[in-house]
Amino acid sequence: MTRMLRTPRSRGLLSGLLLMLLALWGGFIPFVGPYFDFGFGSGDAWVYNSDRLVLSILPAIAVFLGGLLLLASANRPVAVFGSWLAALGGLWFVVGTTIAPLWNADVGSPLGGEARQIAERLSFFQGLGAIIIMLAAVALGRFLVVGLREARRAEAGRVETERAAAAEERGHGSTATPQWEKQERPRHDDRRPTEHGEQARPGAQPRHSVSGTERPRDDD
């Protein structure tokens with residue numbers, strides 16, 4: 001099960017990198033856009049206010065963190081969380097300017113003519129958020145599905161782990177000293193049984209049998 005949670009880092013590499021670049025665009029374009037007469041409200045660059053914080057900076061931070069998790073993580077649940085985080089940041093880019101007037105927040109009117117205003121709205125908020133949601137959804141789908149190669153790799157790892165555990169158990173069983181060997185063996189003396197089943201006494205001379213017609217001679 002643990003091996004199934006692992007995933008190649010390359011799976012979220014491209015999506016994470018693109019999401020991080022889009023997050024940088026969404027977070028910095030309100031401040032550098034006025035240099036090119038491209039933005040909302042004031043034509044001055046690097047103007048900070050709470051509206052830009054809520055509508056541009058915070059969702060950009062969420063998208064950047066989500067892309068970073070996709071880029072660096074090899075853990076499936078972490079990557080899925082990063083995908084959802086990036087998707088929520090993109091969703092806020094899309095709907096943020098629509099619901100912002102509910103708390104009297106407004107980024108101002110777009111600069112330039114009609115065509116430029118459409119480009120500004122798409123590149124600052126709605127279009128940017130739609131692209132972010134699409135990339136996050138693609139990454140989420142890639143991490144939710146377990147590939148055939150990953151399943152085979154996990155199964156091979158599981159079999160290898162089971163074999164290693166079985167070999168270790170057999171190794172412990174062969175090297176362990178049985179309980180009966182630990183008991184002290186009885187010591188036997190060096191007495192050897194004779195031909196007639198009698199035990200030899202220490203210091204006794206061995207007896208020779210009389211064979212045939214030979215008899216012991218009498219001393220003269």
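What's counted below: heavy atoms across the whole structure, side chains too, no hydrogens, waters or symmetry copies. Please read all numbers here as calculations on a predicted model, not as lab measurements.
- A single hydrophobic cluster is not seen to contain both I133 and L122; linkage of ILVMFWY side chains at heavy-atom distances under 4.5 Å, directly or through other members, places them apart.
- Pairs of residues two or more places apart, or lying in two chains, never qualify as salt bridge (Lys or Arg N to Asp or Glu O under 4.0 Å) while including a residue from residues 54-68.
- Every residue meeting the side-chain hydrogen bond (donor to acceptor under 3.5 Å, both in side chains) condition with T97, not counting sequence neighbours, appears here in chain and number order: Q126.
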Without placing hydrogens or testing angles, list every side-chain donor-acceptor pair under 3.5 Å for residues 19-38, not counting sequence neighbours.
unit_1	atom_1	unit_2	atom_2	d
W25	NE1	S123	O	2.9
Y35	OH	W46	NE1	3.2
D37	OD2	R116	NH1	2.9

Side-chain donor/acceptor pairs under 3.5 Å, residues 103-111, sequence neighbours excluded:
unit_1	atom_1	unit_2	atom_2	d
D106	OD1	G108	N	3.2

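- Residues in residues 40-66 take part in no salt bridge (Lys or Arg N to Asp or Glu O under 4.0 Å) pair, two or more places apart or across chains.
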Side-chain donor-acceptor pairs of residues 55-65 under 3.5 Å, sequence neighbours excluded:
none

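- To the nearest 0.5 Å, the span separating CD1 on I131 from CE on M134 amounts to 6.5 Å.
- At distances below 3.5 Å, at least one donor-acceptor pair connects side-chain atoms of R11 with backbone N or O atoms of R142.
- A search for side chain to side chain contact (heavy atoms under 4.5 Å, CB included) contacts involving S15 returns A139, not counting sequence neighbours.
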Please list, one pair per line, the donor and acceptor atoms closer than 3.5 Å that link side chains of residues 77-96 to other protein atoms, with sequence neighbours excluded.
unit_1	atom_1	unit_2	atom_2	d
S83	OG	A79	O	3.0
W92	NE1	V54	O	2.8

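- Among residues two or more places apart in sequence or in another chain, the ring-ring contact (aromatic ring centres under 6.0 Å, His included) test is passed with F40 by F124, F125.
- Under a hydrophobic clustering in which Ile, Leu, Val, Met, Phe, Trp and Tyr are joined whenever their side-chain heavy atoms come within less than 4.5 Å, directly or via other members, L68 and L140 fall into the same cluster.
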